[in-house]
Q: 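Here it is: the structure, laid out below.
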Amino acid sequence: MEPLYKPQGVEERWQGTWEAEGLYNAEPGSGRETFVVAHPPPNVTGALHTGHALQISLADSLVRWHRMRGFETAFLTGYDHAGISTQNAVEKHLASQGKTRGDYGRDAFVELVWDWLREYGGTIMHQFRRMGASMDYRRERFTMDDAYVRAVMRFFVHLHRKGWIYRANRIINWCPFHETALSDLELVHEDVDDALTYVRYPFVDDLASGVTIATARVATILGDVAVAVNPNDERWRDAIGREVLVPFVERAVSVIADERVDPEFGTGALKVTPAHDPLDFEIGRDHGLPEPSVIGPDGRMSEEAGELAGLSQEEAERRILDWIKERGWLERREAYRHTIALCERCKTRIEPLISLQWWCSMEELKKPALEALRSERVRYHPESQHRFAIESLENAPDWNISRQIWWGHQLPVWECPEGHETVEEAEPERCSECGSTELVRSEDVLDTWFSSALWPFAILGWPEETPELDAWYPGTLNTTAREIIRLWENRMIFSGLELMSEIPFSHVIIHTTVLAPDGRRMSKSLGTGMDPLDLVDEHGADATRYGLLKISSSQDVRFSLTAVEEGRKLANKLWNVSRLILANVGDAQPEARPKSLEEEWMIARLDSAHATITERFDEFDFAGVARRLYHLTFDEFCDWYAEAIKPRLYEGDADAQPTALALLERLLKYLHPVMPHVTEEIWSHLPHRTERLIVSAWPEWDGRYADRQPVFEQIRTAAEVFRRSGVMPALTEDQRRIFEAVVRPERVKADSDAPAEIARLEEEVARAEGMLANERFTSKAPSEVVQAEREKLERYRRELDALRN
RNA sequence: GGGCGGUUAGCUCAGUUGGGAGAGCACCUGCCUUACAAGCAGGGGGUCGCAAGUUCGAGCCUUGCACCGCCCACCA
């Protein structure tokens, strides 16, 4: 064993060994209590980012802890096909060769995606392994596996038969680049500098006056079917019911009243374009207005735009503005900064369009899920996120589940020439209504999250009845980022309840968002991202895991390299104290048979750490676990226990050796869930150990020596006084032996500063005396607090006496 | 605009029923001590964002304000 611990090489070796020896494997039917984590499936095209690394660190520490505690642990993993994201990646690849998906056609394109994935996809599992994630990689699943596809089809048909899936023409978010609908949750928003145009729509019967509206989308004027004002707006009260002319198309439309119009914005009058604005759409439907679409799926002016058909929106806007100016209807234009929606994948500006899409009603699905959340059968952690999850589900709108892309699960819907729809899991022979055999399958695919919603049970073989499904559903917990609550977590809960009649897991851990060191979000486009594998290469997976856990306490945290470096130091410290012990125990067998104060005290400290670690893990306070491990190792095990027994080890004290080995083993076990590699490596150097640490038993609590702690603490106080002042306080023989081993008084320089120490203690005595002299304190404070203060005062007086002699 | 989180040492952060302000890093001093110089021992450094309130006592509880951040959002 070298003095410097180098994780490089060691970690990969153990990762290979653990997996090869089948120690990550989960088997159903062991009869043991289960601990099941269906880890969030990363995008099949993705690479490990900091969020993944944190998620792995959290989940794997819990999994390893439970494995050692004797649970049957199933840490399950796989890939998400990530419809739009993957298609986008492949299309970019094609674009670099000057091609488009249109050059291939649907079937060839989908084949191309599969080829592309075989070439470039599926790298992240290697990175999970490199983090030390103890997943059962044999059971890796993919949402496009045949079995998984069958589960998705079953889910769709099930919901359709219940009447909860329907088709409707509604306004949706349209990405003109991908030419597909998107849910609200697949958008990003960006502030842009635009112009707000004030246009007068003249009254039909009085062209000299009219209603002035303000718009940021001049091109959509062609689709106006009304002007709306707030009914309480005095300025426009007389205009309600009159007719105005829509510019350019010179269509006469009514001025209507609607509460949803904000009188504060612009002039308080809104042009109503139902086909191209979500609010206008609602107003239009409620007032029974027509819905002319003047912008097409390609983002250009459509046939209904008449003479402007085929133009870009910018060109159309110029033409319309010229027309308005000529007639003097343009009141003014002003600079206007506002927020627009973009496709999160290609950053193309979203067009709100009316489109025939498939929807999933939330009305019935969400009821049992809400009950499960309100009764806390499923609990989000922290509590604030639990409330947010409930509110999100309460307000969940119907879910647009169809997408007009090619990569994904094609809808199990077949149409005959009569327009009848047949919905079956597999291709039907004839139309269910007219018997026609000329069936054409819907071209739409399902929203990626529709299949993700089945993850906890589809990966176990559902809808087949498998041993895995029987053993591991419901699972235990799930870890995820905050923004995934509505996209995924809530949907797993309601789909699990609907199809399995049981919640998929009991706990959802919403983990920290790791920000860049400057406080901005980590993202590739901002250039603030970082590759966690660089950390792993430089500092080791153990240090990286420790560092990420250490900073995982609050909702958002800035990444701090010092936390990872602290982890590296911890690994090195552990390595070296192990060298000390292993080099001086001969062929002793590990056995805790304490014969001295420092041994008893160390056992009491290990007991204390045992309690804290259990408590912190149970609360999902991973930073708290990391903190306790650090101080247990550095302050208690190394600085005091190891220093105290060192002289005995050098002398070959046969009593010290077996206990030292036993306590080191216990320390290694406590550290293993967080730092698996270095602990397993040290474990492999222990004499007579054949079993692996990863599957060794979590230590039992001892509990015999809690009362030895005050006796030991007197040595620590004595050391403090001595180092500050050079004065040697009175100690028992046993205490003095430990004191001399740890403090090495012969090495402490004789620049004693007794006067300063006396002054410090005098201040303390005065403070304590003051408090105890305050009658309001002694009469109102709890008696324990007063008693503790009296004891402190006495201790200070004793120390002071020792110094003054 | 809404929700949530944050504001404590130069930096990143702990502070768990209200009872003497802490850690790591950085900085300074002294030590190559037969585990570790990626170490050991010691030290300096903080009106706990601001203002009121409750209390014998507030970093912690209440109210208001300010600033920072994340997430969400159909003011055209």
Side-chain angles (χ1 to χ4, degrees), chain A residues 1 3-5 171 173 184-185 187 189 196 213-217 220 228 260-267 269-273 276-282 336 338-339 341 352 382 384-385 387-388 391-392 481-483 485-486 512-513 515 517 519-521 550-551 553-563 565-566 568-569 571-584 615-616 619 621 623-624 627 630-631 634-635 638-639 642-643 646 649-650 719-720 723-724 743-744 747-749 751 764 767-768 771 774-782 784-786 788-789 792:
Chain A
M1 294 174 82
L4 181 62
Y5 173 67
I171 196 152
N173 306 298
D184 290 346
L185 304 175
L187 313 181
H189 298 269
L196 191 61
I213 58 89
T215 181
R217 308 244 0 233
T220 66
R260 285 165 289 196
V261 178
D262 178 7
E264 303 294 317
F265 188 89
T267 62
L270 168 74
K271 72 184 203 58
V272 180
T273 321
H276 302 295
D277 182 275
L279 174 63
D280 295 13
F281 176 80
E282 285 181 26
Y336 180 52
H338 66 141
T339 311
S384 58
Q385 301 306 324
R387 292 195 300 274
F388 171 75
E391 283 170 29
S392 300
R482 207 154 58 249
E483 66 267 23
I485 291 174
R486 302 191 301 172
T512 300
T513 302
L515 307 174
R520 289 184 297 167
R521 184 176 174 71
K550 186 78 191 292
I551 62 172
S553 50
S554 60
Q555 183 171 285
D556 309 294
V557 72
R558 297 179 179 208
F559 177 77
S560 155
L561 186 60
T562 62
E565 288 170 340
E566 187 176 304
R568 188 189 58 189
K569 284 174 52 179
N572 195 54
K573 191 72 177 174
L574 191 64
W575 178 253
N576 275 295
V577 79
S578 302
R579 289 177 60 225
L580 167 72
I581 291 172
L582 288 170
N584 290 284
E615 194 182 304
R616 296 296 181 262
E619 292 170 357
D621 173 10
R627 264 198 311 278
Y630 183 91
H631 291 294
F634 266 83
D635 303 349
C638 293
D639 291 352
E643 291 296 340
K646 198 151 69 174
L649 290 178
Y650 288 159
E720 196 182 332
R723 281 167 176 156
R724 281 212 183 103
V743 177
R744 309 254 224 136
R747 290 182 175 275
V748 175
K749 284 183 74 178
D751 59 341
E764 294 288 5
R767 185 195 57 78
M771 271 181 89
N774 183 346
E775 194 273 333
R776 287 177 304 183
F777 171 69
T778 52
S779 65
K780 294 199 176 183
E784 314 88 77
V785 174
V786 177
E789 203 57 42
K792 274 189 250 171

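Since we're looking at a predicted model, the values are computed, not measured. Reminder, nothing fancy here: chain letters follow the sequence lines and each chain counts from 1.
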Q: Checking contacts here: which listed nucleotide (rC36(B), rC70(B), rG19(B)) is nearest the side-chain heavy atoms of Phe777(A)?
A: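 It is rG19(B).
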Q: If we count only N and O atoms by modelled type, under 3.5 Å, do the side chains of Ser560(A) and Lys550(A) hold a donor and an acceptor together?
A: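 No.
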Q: By nearest atom, which of the nucleotides rA76(B), rC70(B), rC36(B) is closest to the Gln555(A) side chain?
A: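 Side chain of Gln555(A) sits closest to rC70(B).
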Q: Taking the C1' atom in each of rC61(B) and rG42(B), what is the distance between them to the nearest angstrom?
A: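 Looking at atom C1' only, rC61(B) and rG42(B) are 39 Å apart.
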Q: Consider the side chain of Asp262(A), meaning its heavy atoms from C-beta on, and name the nucleotide among rG69(B), rA76(B), rC40(B) that approaches it most closely.
A: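 So the side chain of Asp262(A) is nearest to rA76(B).
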Q: Taking for each residue the nucleotide of RNA chain B with the nearest heavy atom, is it Tyr5(A) or Arg767(A) whose nucleotide lies nearer the 5' end?
A: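 Closest to the 5' end, via its nearest nucleotide, is Arg767(A).
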Q: Please evaluate the base of rU55(B) for a donor-acceptor partner in the side chain of Arg776(A) within a cut-off of under 3.5 Å?
A: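 Counting by modelled atom types and ignoring angles, no donor-acceptor contact under 3.5 Å is found here.
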Q: On RNA chain B, does the nearest nucleotide to Phe388(A) precede the nearest nucleotide to Leu196(A) from the 5' side, or the other way round? Give the residue.
A: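 It is Phe388(A) whose nearest nucleotide is closer to the 5' end.
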Q: Quick check for you: among rC70(B), rG5(B), rA76(B), whose closest atom lies nearest to any side-chain atom of Leu515(A)?
A: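 Selected nucleotide: rC70(B).
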Q: Can you check the Gln385(A) CD to rG3(B) P distance for me, whole Å?
A: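 Checked: the CD to P distance equals 14 Å.
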Q: Expressed in whole Å, how much space separates the P atoms belonging to rA41(B) and rU47(B)?
A: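 Here rA41(B) and rU47(B) have their P atoms 28 Å from each other.
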Q: Can you check the distance between rC60(B) and rU55(B), where both ends of the measurement are the P atom (answer in whole Å)?
A: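 Result for the P pair: 16 Å, nearest Å.
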